[in-house]
Amino acid sequence: MPYTPKSADDRFVLVTEVGTRDGFQSEKEFIPTEVKADLINALIEAGVTSFEATSFVSPRAVPQLADASQLMDLIVRKPGVRLTALVPNARGAERAAAAKVDMMASFISASETHCQANLNKSIDAAIADFNEFAPIARKFGIALRGAVATAFGCPFEGEVKIDNVLRIIDAYMAAGARHVSLGDTTGMATPPVVTRTGEAIRARHPDAVIALHFHNTRGIGLANVMNGLDLGIREYESSFGGLGGCPFAPGATGNICTEDLVYLLHECGYETGIDIEKLAAVARRVQEVMGRELPGQFMRSGPRLKLSSLASIRRAVG
């Protein structure tokens with residue numbers, strides 16, 4: 001049964017921009033820290049209020065994110081803007097706390113095989129790492145978010161058992177995380193899978209704040225968003241221009257595109273607080289930085305009612 005909004009506030013959807021972390025992490029050529037900061041600052045001016053800005057992983061593991069502390073220093077912070085950083089362990093949490101992040105995020109794959117490929121450790125070991133650094137976040141009054149990667153399917157194991165997803169979320173909630181994110185790491189989510197996963201989590205943890213992180217590998221990322229909205233989920237993670245993709249998942253392509261997501265939400269009557277034209281301008285700038293065309297659609301086509309002069313187009317002759 002579709003979710004019925006309870007109030008005008010329920011029409012607000014929080015869009016979390018993950019481009020400077022998830023979008024950039026696999027790029028081989030280092031993107032200058034100043035460029036990353038300028039993009040985030042421009043997005044803040046466009047009305048984006050939630051970011052997964054960077055990751056405090058080992059610089060050897062992800063060289064593109066070796067500048068996490070420097071990046072945090074260059075972001076012009078404003079009230080109401082949440083800056084989240086991914087942290088893998090206690091050492092990363094200490095660095096994130098020193099950089100004054102607003103939220104620490106951790107992710108654990110619901111697939112044992114993908115967890116080994118992505119984190120080089122078992123699910124149990126990854127949960128132990130989260131339990132080790134969670135007290136550091138609490139000590140500094142920093143919110144925790146627990147993400148579940150391959151929540152909707154695994155390229156090595158196929159279907160992922162919902163019990164695996166719930167076991168990880170149980171651990172997150174027990175350690176004090178109230179925010180959980182479900183990652184469609186390889187674009188294997190479909191609306192029915194999203195429904196049964198979301199409903200199972202809601203039944204087990206009704207107080208959890210759920211976010212959805214879709215990739216557009218098979219072209220139905222935004223269809224899955226519509227399904228999530230029907231479930232009452234009001235936070236989505238996306239990347240400018242549709243940039244990104246897991247380096248440890250065969251065939252994975254980019255995240256759903258932030259501008260396309262915001263366009264969809266606005267056309268469906270939801271509020272985001274984001275100026276979509278300014279957002280599209282940032283996406284076009286990202287495209288210039290990357291030196292290649294990105295898959296985002298709105299930045300090329302514009303709004304639905306954008307009009308053109310008849311004189312500006314070729315006419316049929318004959």
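Just so you know, residue 1 is the first one in the sequence shown, and it goes up from there. All values below were derived from every heavy atom in this structure, side-chain atoms included, with hydrogens, water molecules and symmetry-related copies excluded. Keep in mind that what you see is a predicted model, and the values were worked out from it rather than measured.
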Under the side-chain contact (heavy atoms from CB on, under 4.5 Å) criterion, do D129 and K121 qualify, and how do the steps go?
-> CA-CA 10 Å; D129 280 345; K121 63 186 69 171; 2.3 Å; yes

Single-linkage hydrophobic cluster, 4.5 Å side-chain cutoff, L71 and L83 together = yes

Do I210 and I162 sit in the same hydrophobic cluster, where Ile, Leu, Val, Met, Phe, Trp and Tyr count as joined when their side-chain heavy atoms come under 4.5 Å apart?
-> yes

E45 versus V282: any side-chain heavy-atom pair under 4.5 Å?
-> no

Validation row: P88, L119 side chains within 4.5 angstrom (heavy atoms) = no

With the 4.5 Å side-chain cut-off for hydrophobic clustering, are L231 and V148 part of the same group?
-> yes

Taking all atoms of both residues into account, what is the closest heavy-atom pair of A90 and E132, and its distance?
-> CB-OE2, 3.7 Å

Give the intermediate values and the outcome of side-chain contact (heavy atoms from CB on, under 4.5 Å) for residues S109 and T150.
-> CA-CA 6 Å; S109 297; T150 60; 3.8 Å; yes

Side chain of T20, backbone of A53: donor and acceptor closer than 3.5 Å?
-> yes

For Q297 and P295 the tightest heavy-atom approach is NE2-O, 2.9 Å

Output every pair passing side chain to side chain donor-acceptor pair (under 3.5 Å) with a member in residues 273-295, not counting sequence neighbours, ordered by first then second residue.
-> E27-R292

For I31 and Q64, work out which heavy atoms get closest and say how close.
-> N-OE1, 2.9 Å

Give, for atom CG of N164 and atom CD of E157, the distance between the pair rounded to the nearest 0.5 Å.
-> 7.5 Å

Under 3.5 Å, side chain of D260 to main-chain N/O of F298, donor-acceptor pair present?
-> yes

Pairing of D124 and R167 as salt bridge, 4.0 angstrom limit = yes

Note: A151 and V165 closest approach over all heavy atoms is O-CG2, 3.8 Å

Would you mind checking if E271 and R234 are paired as a salt bridge, meaning a charged N to carboxylate O distance below 4.0 Å?
-> no

Has the side chain of E259 got a donor or acceptor atom that lies under 3.5 Å from a matching backbone atom of F240?
-> no

Look up atom OG in S106 and atom CG in N131, then write down how far apart they are to the nearest 0.5 Å.
-> 9.5 Å

Which distance, rounded to the nearest 0.5 Å, do you find between the CD1 of I168 and the CD1 of I123?
-> 4.5 Å

4.5 Å side-chain heavy-atom contact, Y263 and R304 | yes

Give the intermediate values and the outcome of side-chain contact (heavy atoms from CB on, under 4.5 Å) for residues V48 and V15.
-> CA-CA 7 Å; V48 179; V15 174; 5.8 Å; no

With no hydrogens and no angle check, is any side-chain donor or acceptor of S50 less than 3.5 Å from a backbone partner on T16?
-> no

Report yes or no: do M188 and Y236 belong to one cluster of Ile/Leu/Val/Met/Phe/Trp/Tyr joined by side chain heavy-atom distances under 4.5 Å?
-> no

What do you reckon, is CG of N120 surrounded by more than 12 foreign heavy atoms closer than 6.0 Å?
-> no

Does the side chain of R82 reach to within under 4.5 Å of the side chain of M103, using non-hydrogen atoms?
-> yes

Run the salt-bridge test on R145 and E237 with the 4.0 Å N-O cut-off and return the result as yes or no.
-> yes

Close side-chain approach of I75 and F51, heavy atoms under 4.5 Å = no

Are any of the side-chain heavy atoms of F24 and M290 separated by less than 4.5 Å?
-> yes

One should read off an interatomic distance between L74 CG and S69 OG, to the nearest 0.5 angstrom, of 11.0 Å

Quick one: do Q25 and S55 satisfy side-chain hydrogen bond (donor to acceptor under 3.5 Å, both in side chains)? Show the steps, please.
-> CA-CA 9 Å; Q25 68 176 355; S55 176; over 6 Å; no

Given L182, which of I233, I169, V194 fulfils the side chain to side chain contact (heavy atoms under 4.5 Å, CB included) condition?
-> I169

Distance from I256 atom CD1 to T217 atom OG1, nearest 0.5 Å?
-> 11.5 Å

What closest approach, in Å, do P191 and A223 show between heavy atoms, and which atom pair accounts for it?
-> CG-O, 4.3 Å

In the single-linkage hydrophobic clustering (I, L, V, M, F, W, Y; side-chain heavy atoms under 4.5 Å), do L222 and L294 co-cluster?
-> yes

Look at the side chain of N255 and the backbone N and O of L243, then say whether any donor-acceptor pair between them is shorter than 3.5 Å.
-> yes

State, yes or no, whether a side-chain contact exists between R77 and D102 at a heavy-atom distance under 4.5 Å.
-> yes

Evaluate whether atom CD of E267 has more than 12 neighbouring non-hydrogen atoms of other residues, nucleotides or ligands under 6.0 angstrom away.
-> yes

Is S58 reaching over with its side chain to a backbone N or O of R60, donor-acceptor style, under 3.5 angstrom?
-> yes

One should read off an interatomic distance between R196 CZ and F152 CZ, to the nearest 0.5 angstrom, of 10.0 Å

Which of parallel (below 30°), tilted (30 to 60°) and perpendicular (above 60°) describes Y172 and F130?
-> perpendicular

Would you sort out whether M226 and C268 count as a side-chain contact (heavy atoms from CB on, under 4.5 Å), showing the intermediate values?
-> CA-CA 9 Å; M226 293 298 294; C268 291; 4.0 Å; yes

Flag if over 12 foreign heavy atoms under 6.0 Å of CZ, R95 = yes

For the student: nearest non-hydrogen atoms of A68 and T54, plus distance = CB-OG1, 3.5 Å

So do the side chains of L229 and V13 get within less than 4.5 Å of each other, counting heavy atoms only?
-> yes

For Q70, does the CD atom sit with more than 12 other heavy atoms under 6.0 Å from it, leaving out its own atoms?
-> yes

Would you check if the side chain of N41 reaches a backbone N or O of A37 as a donor-acceptor pair within less than 3.5 Å?
-> yes

Just by distance, do the side chain of R218 and the backbone of T186 share a donor-acceptor pair under 3.5 Å?
-> yes

